Amino acid sequence: MARFAQIKSLDTFDFAAQPSLNKALVLELARCEWIEKRHNCIALGPSGTGKTHAALALGLAACQKGYSVAFTTAAALVHELMEARDERRLRALQKHLNVVKLLIVDELGYVPFTAVGSELLFEVFSQRYERGATLVTSNLPFDEWTSVFGSERLTGALLDRLTHHVHILEMNGESFRLATSKKAQRRSGQSQNANAKSPDEGGAETES
C-alpha cells in the first residue's frame, strides 16, 4: 500500500560513505517515535547521496511497526493532485493523504511547479501540519526552494510548517552512483593491465 519504488533497509545503507550524516539520529528515527509525535523529517543533499535510500528505509521501518505509509515523488504527487482537481476528486485524494501516518515526498527540487501545482502541494503539507508525519527529500538547500514553488510567500509559509517540528538529515558526501562508477572503472583498468602483463603458455605477453 505504501507504493515504495523499491524495498530498501538501513542494513544496506553505507553510513561510512556519508560521514556528514548523523547515524545516531537515523537509527533513532527508525524507532518511529517521531511518527507518533507527528513530527517531520527532511533529508537534504546532492543527487546520489542516499536520500531516497534513507527515506525508503525509514518508511519500511514504519510499515514494520504497523504505521500506514505513502511514498511518492514530488513531481508525481503534484501531477496526481492536478489530475484529481480536473476530475473533481481532489477532496477524496486530499483525505487519503491526510489520514496516512507517514507521507514520504521524494525528490523535491528537481522539477519546478506551476502556480497551481505549488498551491496544491502546499495544501497537502499544510493540512498534515501537526496531524501526521511527513518526510521530504530535496537536493536543494532551503534558501533555494523558492525556485521550485515560484513564490517567496508560499515557500516561507511552507517552510514555517515543515520545520516547526523537524529532524534534518544532512547528506553532503559524494554521490554513491558516481563513487560506484569510479570504482568499477578502476577495477576494469586494473584488470586490463593485469591481462596485458600476464604471460601466456609460451612466455610471450598476451595482447590486451
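Please read all numbers here as calculations on a predicted model, not as lab measurements.
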Exercise. Would a hydrophobic clustering, with Ile, Leu, Val, Met, Phe, Trp and Tyr connected at side-chain separations under 4.5 Å, put Ile104 with Val100?
Worked result: no
Exercise. Do Leu120 and Phe113 share a hydrophobic cluster (ILVMFWY, side-chain heavy atoms under 4.5 Å, transitive)?
Worked result: yes
Exercise. If you draw a 6.0 Å radius around CD in Glu152, do more than 12 non-hydrogen atoms from other residues or ligands fall strictly inside?
Worked result: no
Problem set entry | side-chain contact (heavy atoms from CB on, under 4.5 Å) assessment of Leu25 paired with Leu29 | CA-CA 6 Å; Leu25 175 57; Leu29 293 173; 4.1 Å; yes
Exercise. At what distance, to the nearest 0.5 angstrom, does OG1 of Thr114 lie from CD of Glu119?
Worked result: 8.5 Å
Problem set entry | Interatomic spacing from CG in Leu81 to OG in Ser118 - rounded to 0.5 Å | 11.5 Å
Exercise. Heavy-atom distance under 4.5 Å between the side chains of Leu135 and Trp34, does that happen here?
Worked result: yes
For this session: Could you pull out the closest heavy-atom pair between Trp145 and Leu140, with the gap in Å?
Result: NE1-O, 3.1 Å
Seminar exercise, completed: Between Ala54 and Met171 the two heavy atoms that sit nearest each other are CB-CE, 4.4 Å
For this session: To the nearest 0.5 angstrom, please state how far the CD1 atom of Ile7 sits from the CG atom of Leu56.
Result: 7.5 Å
Problem set entry | Modelled atom types, side-chain donor and acceptor of Asp106 and Thr52, under 3.5 Å | yes
Problem set entry | Sub-4.5 Å side-chain heavy-atom contact between Asn40 and Val136 | no
Exercise. Out of curiosity, does Leu158 fall in the hydrophobic cluster containing Val116 (side-chain heavy atoms, cut-off under 4.5 Å, transitive links)?
Worked result: yes
Problem set entry | Least distance between heavy atoms, Arg131 atom then Gln127 atom | CD-O, 3.1 Å
N/O donor to acceptor pairs below 3.5 angstrom from side-chain atoms of residues 58-80, sequence neighbours left out:
residue, atom, partner, partner atom, Å
Tyr67, OH, Glu36, OE1, 2.8
Ser68, OG, Lys101, N, 2.9
Thr73, OG1, Ala76, N, 3.1

Problem set entry | Of Asn22, Leu21, Asp14, the residue whose pairing with Gln18 passes side-chain contact (heavy atoms from CB on, under 4.5 Å) | Leu21
Exercise. Out of curiosity, Lys37 NZ to His167 NE2, how far, rounded to the nearest 0.5 Å?
Worked result: 7.0 Å
Exercise. Quick one: does Asn98's side chain have a donor or acceptor within less than 3.5 Å of a partner on Gln94's backbone?
Worked result: yes
Exercise. Taking the inter-plane angle between the rings of His164 and Tyr129 on a 0 to 90° scale, is it parallel (under 30°), tilted (30 to 60°) or perpendicular (over 60°)?
Worked result: tilted
Exercise. Hey, quick one: are Val99 and Leu102 part of the same hydrophobic cluster, counting side-chain heavy atoms closer than 4.5 Å, chains of contacts allowed?
Worked result: no
Exercise. Hey, what do you get for CD (Glu123) to CG (Leu154), rounding to the nearest 0.5 Å?
Worked result: 10.0 Å
For this session: Treat each ILVMFWY residue as a node, draw an edge where side-chain heavy atoms are under 4.5 Å apart, and state whether Phe13 and Leu27 are in one component.
Result: yes
Problem set entry | Separation between OG1 of Thr137 and CG of Leu108, rounded to the nearest 0.5 Å | 7.5 Å
Exercise. Has the side chain of Thr163 got a donor or acceptor atom that lies under 3.5 Å from a matching backbone atom of Leu159?
Worked result: yes
Problem set entry | Test applied, side-chain contact (heavy atoms from CB on, under 4.5 Å); reference residue, Phe142; option that passes from Thr155, Ile168, Leu162 | Ile168
Problem set entry | Pair Arg161 + Glu130, salt bridge at N-O below 4.0 Å | no
Exercise. Can you check side-chain contact (heavy atoms from CB on, under 4.5 Å) on Val26 and Phe15, steps first, answer last?
Worked result: CA-CA 10 Å; Val26 175; Phe15 286 98; 4.0 Å; yes
Exercise. Taking all non-hydrogen atoms of both residues, which atom of Ser147 and which atom of Glu144 are closest, and how far apart?
Worked result: OG-O, 2.6 Å
Exercise. For the residue pair Ala84 and Leu93, what are the closest heavy atoms and their distance?
Worked result: CB-CD2, 3.8 Å
